Amino acid sequence: MPAKINYTALSAQYGTPFYLIDKNTVKNRVAQIQARLPKNAKLCYAIKANAFLVSLLKDEDILFEVCSPGELSICEKVGLEPAKIVFSGVVKSLEDVKRAYNLGVHTITLESVAHCDYLLEVAKTEPEHEQQVILRLTGGNQFGMSEQDVDLCLNKLKATPSVKIRGIHFFTGTQKKAKTIAEEITFIESYCERIAAEHNLPSLEIEYGAGLPYDYFSGKSEKDNYAALDEFSRLIEHSRFTYVIELGRYVASPCAEYVTKIMDVKGDDKNHYCLIDGGINHINYYGQMMGMINPHVEHIPQLSAFSNAENYTIAGSLCTTADIVLRKLPLASPAIGDLLVFVDIGAYSITEGIYLFLSHPLPAVLCTDGETIQQLRQAEETFVLNI
């Protein structure tokens with residue numbers, strides 16, 4: 001984020017809490033990732049990590065993974081070219097497949113035999129055009145298909161010339177260790193070698209959700225640390241397969257901050273609390289480590305500190321004991337009206353929070369290009385949805 005951001009002025013103008021996306025960080029992050037990927041790999045941004053980035057990245061030479069009809073509508077509204085869209089999602093109806101097909105999306109992901117049948121029906125009844133598809137192989141969960149079902153679908157699809165089988169999709173989770181990724185690469189390449197031979201698919205591609213780990217807690221600047229990506233690139237750079245690499249968290253995390261206000265300070269000799277106007281309904285990207293390990297948080301006081309730092313528990317505005325954001329954040333003389341700025345908040349928090357709980361307002365989403373501030377979403381009341 002630019003050093004000259006005046007968070008106090010922004011909070012006075014837009015209220016708190018709010019998210020602040022940095023457009024330059026977004027574009028630089030994508031450029032750095034693309035520069036580090038080998039020539040046989042293309043980047044696909046999983047927009048579920050932060051859909052607000054689509055409008056900022058729509059002109060980049062990347063693909064965009066879309067996992068719901070609503071996300072597809074977002075792409076249409078911001079003017080993303082359909083030829084850049086990979087339409088995924090574990091639950092798709094016949095109408096969803098028909099919509100994506102008629103829109104002319106780059107690829108439709110088939111998660112099941114039912115999805116395959118929907119596509120074949122659409123290809124017979126709608127105006128014909130070449131439609132690329134990928135078939136998702138399960139990683140042992142509810143997503144994707146068994147090897148037997150993949151074989152069944154491949155045999156069905158080969159009878160429809162307008163459907164082009166682009167490749168196999170494989171994803172098992174996020175924040176994966178290098179050893180796990182290496183094992184998965186070995187497995188999926190071996191699998192694709194076999195089915196490419198069995199089904200005469202010489203140009204088969206691999207669409208892989210790498211789940212590269214993003215370090216929120218060590219204090220290192222992940223904005224400049226691409227070791228996990230560099231190691232991954234070395235694993236695939238000599239592969240005979242072409243890869244499409246799906247990344248969501250790894251792209252979006254460093255691209256935004258979350259600004260919240262201290263609303264109350266209290267406690268006793270043993271426990272010190274700061275109550276903020278945000279909470280776990282807005283900050284939930286830390287997963288199971290939430291409240292246990294501190295990310296970087298900047299304290300912006302209204303007045304100069306006059307005491308040494310002490311550990312404070314940061315609690316949110318929800319009426320539940322679960323609303324603990326951090327348990328031991330060192331703060332010097334925190335006071336009502338001070339701001340806390342959470343960094344690396346660009347992935348998931350903006351769109352994944354439990355926003356309707358207790359009918360608190362939806363935070364504004366702002367964007368800066370280093371010079372100006374644009375409001376992408378104004379703060380919205382949610383109580384109207386709970387009546």
Side-chain angles (χ1 to χ4, degrees), residues 1-5 19-66 71 74-75 78-81 83-86 106-107 174-176 178 181 205-216 220-237 239 242-257 285 296 343-351 365-374 376:
M1 281 290 169
K4 295 182 180 179
I5 290 291
Y19 299 100
L20 179 62
I21 297 172
D22 186 86
K23 183 177 181 179
N24 296 330
T25 300
V26 174
K27 288 184 170 291
N28 180 66
R29 183 72 175 174
V30 167
Q32 290 292 332
I33 291 172
Q34 287 181 299
R36 286 169 164 79
L37 285 175
K39 293 181 179 180
N40 62 329
K42 185 178 182 69
L43 175 62
C44 180
Y45 173 55
I47 79 167
K48 60 180 175 287
N50 186 340
F52 285 95
L53 302 190
V54 177
S55 63
L56 306 180
L57 297 173
K58 66 179 182 179
D59 295 326
E60 302 294 322
D61 184 24
I62 62 175
L63 296 174
F64 295 79
E65 188 204 25
V66 172
E71 287 191 340
I74 290 172
C75 293
V78 303
L80 178 66
E81 295 176 27
K84 293 183 176 182
I85 296 173
V86 178
H106 181 279
T107 300
T174 188
Q175 299 286 78
K176 288 182 284 194
I181 294 173
E205 295 182 352
I206 296 174
E207 182 138 340
Y208 179 58
L212 297 178
Y214 189 92
D215 184 2
Y216 295 112
K220 296 184 296 183
S221 175
E222 183 63 19
K223 298 176 183 63
D224 302 315
N225 181 357
Y226 293 89
L229 177 61
D230 291 339
E231 185 172 357
F232 169 72
S233 294
R234 287 192 290 271
L235 285 173
I236 67 169
E237 63 181 339
S239 173
T242 298
Y243 276 80
V244 172
I245 308 303
E246 290 180 3
L247 295 173
R249 182 189 307 272
Y250 199 75
V251 173
S253 288
C255 300
E257 299 175 337
Y285 69 142
H296 177 68
V343 304
D344 293 348
I345 206 81
Y348 294 105
S349 288
I350 293 179
T351 52
V365 178
L366 312 179
C367 180
T368 180
D369 60 6
E371 300 292 334
T372 61
I373 299 292
Q374 178 186 6
L376 302 182

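All values derive from a computational prediction rather than experimental measurement.
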Asks: Got Tyr214 and Pro254 here, is their nearest side-chain heavy-atom distance under 4.5 Å?
Replies: yes

Asks: For Gln34, is the CD atom crowded, meaning more than 12 foreign heavy atoms sit under 6.0 Å from it?
Replies: yes

Asks: Search all heavy atoms of Asn40 against all heavy atoms of Ser239 and return the closest pair with its distance.
Replies: ND2-O, 3.8 Å

Asks: Please check this pair: side chain of Tyr45 against backbone of Leu53, looking for a donor-acceptor N/O pair closer than 3.5 Å.
Replies: no

Asks: Under a 4.5 Å cut-off applied to non-hydrogen side-chain atoms, are Val244 and Glu205 in contact?
Replies: yes

Asks: Would you please name every residue forming a salt bridge (charged side-chain N to carboxylate O under 4.0 Å, His left out) with Glu246, sequence neighbours left out?
Replies: none

Asks: Not counting sequence neighbours, which residues clear salt bridge (charged side-chain N to carboxylate O under 4.0 Å, His left out) with Lys23? List them please.
Replies: none

Asks: Given side-chain hydrogen bond (donor to acceptor under 3.5 Å, both in side chains), test Asp369 with Thr372 step by step and report yes or no.
Replies: CA-CA 6 Å; Asp369 60 6; Thr372 61; 3.2 Å; yes

Asks: Kindly indicate whether a cation-pi arrangement holds for Arg36 with Tyr226, taking the cut-offs as under 6.0 Å to the six-membered ring centre and within 45° of the axis.
Replies: yes

Asks: Cation over ring, Arg29 on Tyr250, under 6.0 Å and within 45°?
Replies: yes

Asks: Take atom CD of Glu237 as the centre, draw a 6.0 Å sphere, and report whether it contains more than 12 heavy atoms from other residues, nucleotides or ligands.
Replies: yes

Asks: With the threshold set at 4.0 Å, does a side-chain nitrogen-carboxylate oxygen contact exist between Lys42 and Asp61?
Replies: yes

Asks: Is any side-chain heavy atom of Leu43 less than 4.5 Å from a side-chain heavy atom of Leu63?
Replies: no

Asks: Kindly write out the residues that satisfy ring-ring contact (aromatic ring centres under 6.0 Å, His included) with Tyr19, not counting sequence neighbours, or none if the list is empty.
Replies: Tyr258

Asks: Do you know which two heavy atoms are closest between Gly346 and Asn50, and how far apart they sit?
Replies: O-ND2, 2.9 Å

Asks: In chain order, what residues pass the salt bridge (charged side-chain N to carboxylate O under 4.0 Å, His left out) check against Lys58, with sequence neighbours excluded?
Replies: none

Asks: What pairs with Ser233 under side chain to side chain contact (heavy atoms under 4.5 Å, CB included), at least two apart in sequence or on another chain?
Replies: Leu37, Pro38, Leu229

Asks: Looking only at heavy atoms, what is the nearest atom pair of Arg249 and Ala347, with distance?
Replies: CA-CB, 3.8 Å

Asks: Would you please name every residue forming a side-chain hydrogen bond (donor to acceptor under 3.5 Å, both in side chains) with Lys48, sequence neighbours left out?
Replies: Glu65

